[in-house]
Trainee: 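Here's a structure for you.
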Amino acid sequence: MSKTSDAFEYEIVRMVSNHIGEELPLMLPHWLKEEGVRPGAKILNVDGIGSKDRRNKTDVIIYLENSMPIKISAKLMNADYFGNWYGHKRFLQEFGEEAFYRMTKASTDFANNWSKTAIAPFVGVSICFGRRSGRTGQDFTDIFTVDDILTVARGYGSGDRVANCMYIANHSARSIPDLINSLDEISTTSVITATESFKVAHRPINPITEGTNRGKNVYTRFMPFKALPEKTIITSPKTLFSLGQFVTIQPNCLNHNHILDDLEENYNIIIPRKPR
């Protein structure tokens with residue numbers, strides 16, 4: 001999470017903390033009652049857990065007496081991502097193997113098209129999910145089912161980390177009734193509305209200028225047609241992409257550094273790397 005997102009989470013926790021021991025309103029939205037939240041339940045505790053584990057879709061959890069908790073996925077109105085930097089293990093857990101192969105095909109198609117006009121070299125493409133404009137964004141439903149949108153927003157499995165509502169604002173509500181009235185059901189309609197246009201964000205990484213992001217898993221890789229006769233330093237994207245093309249991969253946690261190592265060791269192609 002970003003510092004601004006952390007601050008937003010803390011602001012909500014601080015507000016709810018001031019009302020521990022009080023009761024929820026007797027009138028709750030129907031969908032919230034269907035989540036097991038009891039009208040009039042006493043507030044026992046509150047915790048901000050969004051930044052404690054990347055798997056947590058719940059940012060703020062409000063514990064209630066004799067009731068299911070309120071598990072809030074809190075998003076700033078200008079938040080770009082619902083799921084940042086999806087690695088292979090996480091992807092397989094949430095979407096399965098068939099979706100992975102659809103994803104690697106989509107990333108490969110993107111990379112081969114992007115390479116035609118790229119102004120910087122790259123050897124792989126990582127992904128994020130959320131709001132994205134421009135050529136790097138692809139409609140989420142081109143690759144995934146509509147129900148998968150809910151997985152990205154709500155989480156998968158069960159327990160505290162899986163959110164049961166969304167709160168989208170720039171500042172925390174000032175009271176419990178205001179907070180309750182501002183909560184949204186996590187539904188396909190609400191998530192798409194919240195993100196305006198849900199996208200897969202393809203992230204080509206320039207190894208010359210990016211350091212830590214080179215460790216992110218890729219969903220396609222650059223594969224040379226053949227090895228060069230001797231070690232050659234290449235910085236020009238036009239030169240690099242004349243030597244090969246992007247191909248689909250297996251879910252083996254391949255990252256940008258692995259590809260750069262392979263290009264140097266087995267194909268004599270050296271692309272300079274920014275120090276970490």
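Predicted model, so just to flag it, every value in this text is computed and none were measured. Numbering of residues begins at 1 and proceeds along the displayed sequence.
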Trainee: Return yes if some donor-acceptor pair links the side-chain N/O of T104 with the main-chain N/O of T248 below 3.5 Å, else return no.
Mentor: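 Flag not set: sc T104 to bb T248 has no pair under 3.5 Å.
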Trainee: Answer yes if V125 and W85 sit in the same cluster of Ile, Leu, Val, Met, Phe, Trp and Tyr residues linked by side chain heavy atoms under 4.5 Å apart, and no otherwise.
Mentor: no
Trainee: Going by the angle between their ring planes, with limits at 30° and 60°, are F91 and F144 parallel, tilted or perpendicular?
Mentor: tilted
Trainee: Between F110 and F122, does the ring centre distance come in under 6.0 Å?
Mentor: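 Ring centroids of F110 and F122 are no less than 6.0 Å from each other.
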Trainee: Run D148 and T145 through side chain to side chain donor-acceptor pair (under 3.5 Å) and show every step you take.
Mentor: CA-CA 5 Å; D148 288 334; T145 67; 3.2 Å; yes
Trainee: Do the ring planes of F129 and Y86 sit parallel (below 30°), tilted (30 to 60°) or perpendicular (above 60°)?
Mentor: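 Ring orientation, 0 to 90° scale: tilted.
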Trainee: Looking at Y156, I'd like to know if the NZ or CZ of R161 sits under 6.0 Å from its six-membered ring centre while staying within 45 degrees of the ring's axis.
Mentor: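 Yes - R161 lies over the ring of Y156, closer than 6.0 Å to its centre and within 45° of its axis.
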Trainee: How many angstroms lie between OG in S5 and NZ in K75, if you round to the nearest 0.5 Å?
Mentor: 7.0 Å
Trainee: To the nearest 0.5 angstrom, please state how far the OG1 atom of T188 sits from the CG atom of L150.
Mentor: 4.0 Å
Trainee: I need the S73 OG to N164 CG distance, nearest 0.5 Å.
Mentor: 10.0 Å
Trainee: Counting only N and O atoms by type, is there a donor-acceptor contact under 3.5 Å from the side chain of N268 to the main-chain atoms of A227?
Mentor: no
Trainee: Between OH of Y63 and CD1 of I20, what distance do you get to the nearest 0.5 Å?
Mentor: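 Y63 atom OH to I20 atom CD1 measures 11.5 Å (nearest 0.5 Å).
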Trainee: Spell out, as yes or no, whether a donor-acceptor pair under 3.5 Å connects the side chain of S126 to the backbone of G124.
Mentor: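 Absent.
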Trainee: Does the side chain of I62 come within less than 4.5 Å of L179's, by heavy atoms?
Mentor: yes
Trainee: Tell me, do F222 and F241 make a side-chain contact under 4.5 Å, heavy atoms counted?
Mentor: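 Side chain of F222 against side chain of F241, heavy atoms only: contact under 4.5 Å found.
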Trainee: Which ILVMFWY residues are connected to I233, directly or by a chain of links, through side-chain heavy atoms under 4.5 Å apart?
Mentor: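 Besides I233, the hydrophobic cluster comprises I270, listed by chain and residue number.
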Trainee: Above 12 or not: heavy atoms from other molecules or residues under 6.0 Å from NZ of K231?
Mentor: yes
Trainee: For Y10, is the OH atom crowded, meaning more than 12 foreign heavy atoms sit under 6.0 Å from it?
Mentor: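 No, because the 6.0 Å sphere around OH of Y10 holds 12 heavy atoms or fewer from other groups.
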Trainee: For residues P121 and I208, report the shortest heavy-atom separation together with the two atoms involved.
Mentor: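 Looking at all heavy atoms of both residues, the shortest contact is CG-CD1, 3.7 Å.
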Trainee: Could you go through Q138 and D109, starting from their C-alpha distance and side-chain angles, then the distance that decides it, and tell me whether this counts as side chain to side chain contact (heavy atoms under 4.5 Å, CB included)?
Mentor: CA-CA 11 Å; Q138 181 174 358; D109 291 343; over 6 Å; no
Trainee: Are W31 and M68 connected in a single hydrophobic cluster, I mean Ile/Leu/Val/Met/Phe/Trp/Tyr linked by side-chain heavy atoms less than 4.5 Å apart?
Mentor: no
Trainee: Output yes when a side-chain donor or acceptor of T151 lies under 3.5 Å from a complementary backbone atom of E94, and no otherwise.
Mentor: no
Trainee: Give a yes or no answer on whether the side chain of D184 reaches the backbone of S190 with a donor-acceptor pair at less than 3.5 Å.
Mentor: no
Trainee: Can you see which heavy atom on I269 is nearest to which on L228, and at what distance?
Mentor: CG1-CD1, 3.8 Å
Trainee: May I ask you to test the S107-I127 pair for a side-chain heavy-atom distance under 4.5 Å?
Mentor: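 Result yes, sub-4.5 Å side-chain heavy-atom pair found.
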Trainee: Within a strict 4.5 Å, meaning less than it, do heavy atoms of the P207 and H256 side chains meet?
Mentor: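 Counting from C-beta outward, P207 and H256 never come under 4.5 Å.
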Trainee: To the nearest 0.5 Å, what is the distance between SG (C165) and CD1 (I180)?
Mentor: 7.5 Å
Trainee: Could you tell me which non-hydrogen atom of V37 sits nearest to which non-hydrogen atom of L24, and how far apart they are?
Mentor: CG1-CD1, 3.7 Å
Trainee: Considering only residues two or more places apart or on different chains, which pairs with a residue in residues 13-41 satisfy salt bridge (Lys or Arg N to Asp or Glu O under 4.0 Å)?
Mentor: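 Applying salt bridge (Lys or Arg N to Asp or Glu O under 4.0 Å) to every pair that reaches into residues 13-41, excluding sequence neighbours, yields nothing.
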Trainee: Consider only side-chain heavy atoms of I, L, V, M, F, W and Y, link residues closer than 4.5 Å, and tell whether F246 and I205 are in one cluster.
Mentor: no
Trainee: With a 4.5 Å limit on heavy-atom distance, are the side chains of I186 and K57 in contact?
Mentor: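 Of all side-chain heavy-atom pairs linking K57 with I186, none is under 4.5 Å.
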Trainee: Report the residues that fulfil side-chain contact (heavy atoms from CB on, under 4.5 Å) with M223, sequence neighbours left out, ordered by chain and then residue number.
Mentor: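 Partners of M223 by the side-chain contact (heavy atoms from CB on, under 4.5 Å) criterion, ordered by chain and then number, come out as R221, V247, Y267.
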Trainee: Using 0.5 Å steps for rounding, measure from the NE2 atom of H258 to the CG atom of N217.
Mentor: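 Separation between the atoms: 8.5 Å.
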Trainee: In terms of side-chain heavy atoms, does T220 have a donor or acceptor partner in T108 at a distance below 3.5 Å?
Mentor: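 There is such a pair (donor and acceptor under 3.5 Å, judged by atom type) between the side chains of T220 and T108.
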Trainee: Are L76 and V13 connected into the same hydrophobic cluster when the rule is that any two of I, L, V, M, F, W, Y join if their side-chain heavy atoms are below 4.5 Å apart?
Mentor: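 Yes; L76 is reachable from V13 via cluster members.
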Trainee: Flag the pair V46 / M15 as yes when at least one side-chain heavy-atom distance between them is below 4.5 Å, and no otherwise.
Mentor: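 The answer is no, as the side chains (C-beta and beyond) never meet within the 4.5 Å cut-off.
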Trainee: Considering all heavy atoms of both residues, which atom of L260 and which atom of I271 are nearest to each other, and what is their separation?
Mentor: CD2-CB, 3.9 Å
Trainee: Does K71 use its side chain to pair, donor to acceptor, with the backbone of G159 at less than 3.5 Å?
Mentor: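 At least one qualifying donor-acceptor pair exists.
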Trainee: Can you find a pair of side-chain heavy atoms, one from I234 and one from T232, that are under 4.5 Å apart?
Mentor: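 Side-chain contact under 4.5 Å: yes.
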Trainee: I'd like to know if the side chain of R102 reaches the main chain of I143, judged simply by a donor and an acceptor atom lying under 3.5 Å from each other, with no hydrogens or angles considered.
Mentor: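 Yes, because the side chain of R102 sits within donor-acceptor range (under 3.5 Å) of the backbone of I143.
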Trainee: Between Y167 and I12, what is the shortest heavy-atom contact and its length?
Mentor: CD2-CD1, 3.7 Å
Trainee: For T239, does its backbone N or O pair with a side-chain atom of S236 as donor and acceptor, under 3.5 Å?
Mentor: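 Pair found, side chain donor or acceptor close to backbone of T239.
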Trainee: Considering only NZ, NE, NH1 and NH2 on the basic side and carboxylate oxygens on the acidic side, decide whether R214 and E210 come within less than 4.0 Å.
Mentor: no
Trainee: Which of parallel (below 30°), tilted (30 to 60°) and perpendicular (above 60°) describes Y219 and F100?
Mentor: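 Tilted: the ring planes of Y219 and F100 meet at 30° to 60°.
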Trainee: Looking at every non-hydrogen atom in both residues, tell me the closest pair between N252 and H88 and how far apart they are.
Mentor: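 The pair with the smallest heavy-atom distance is N-ND1, 3.4 Å.
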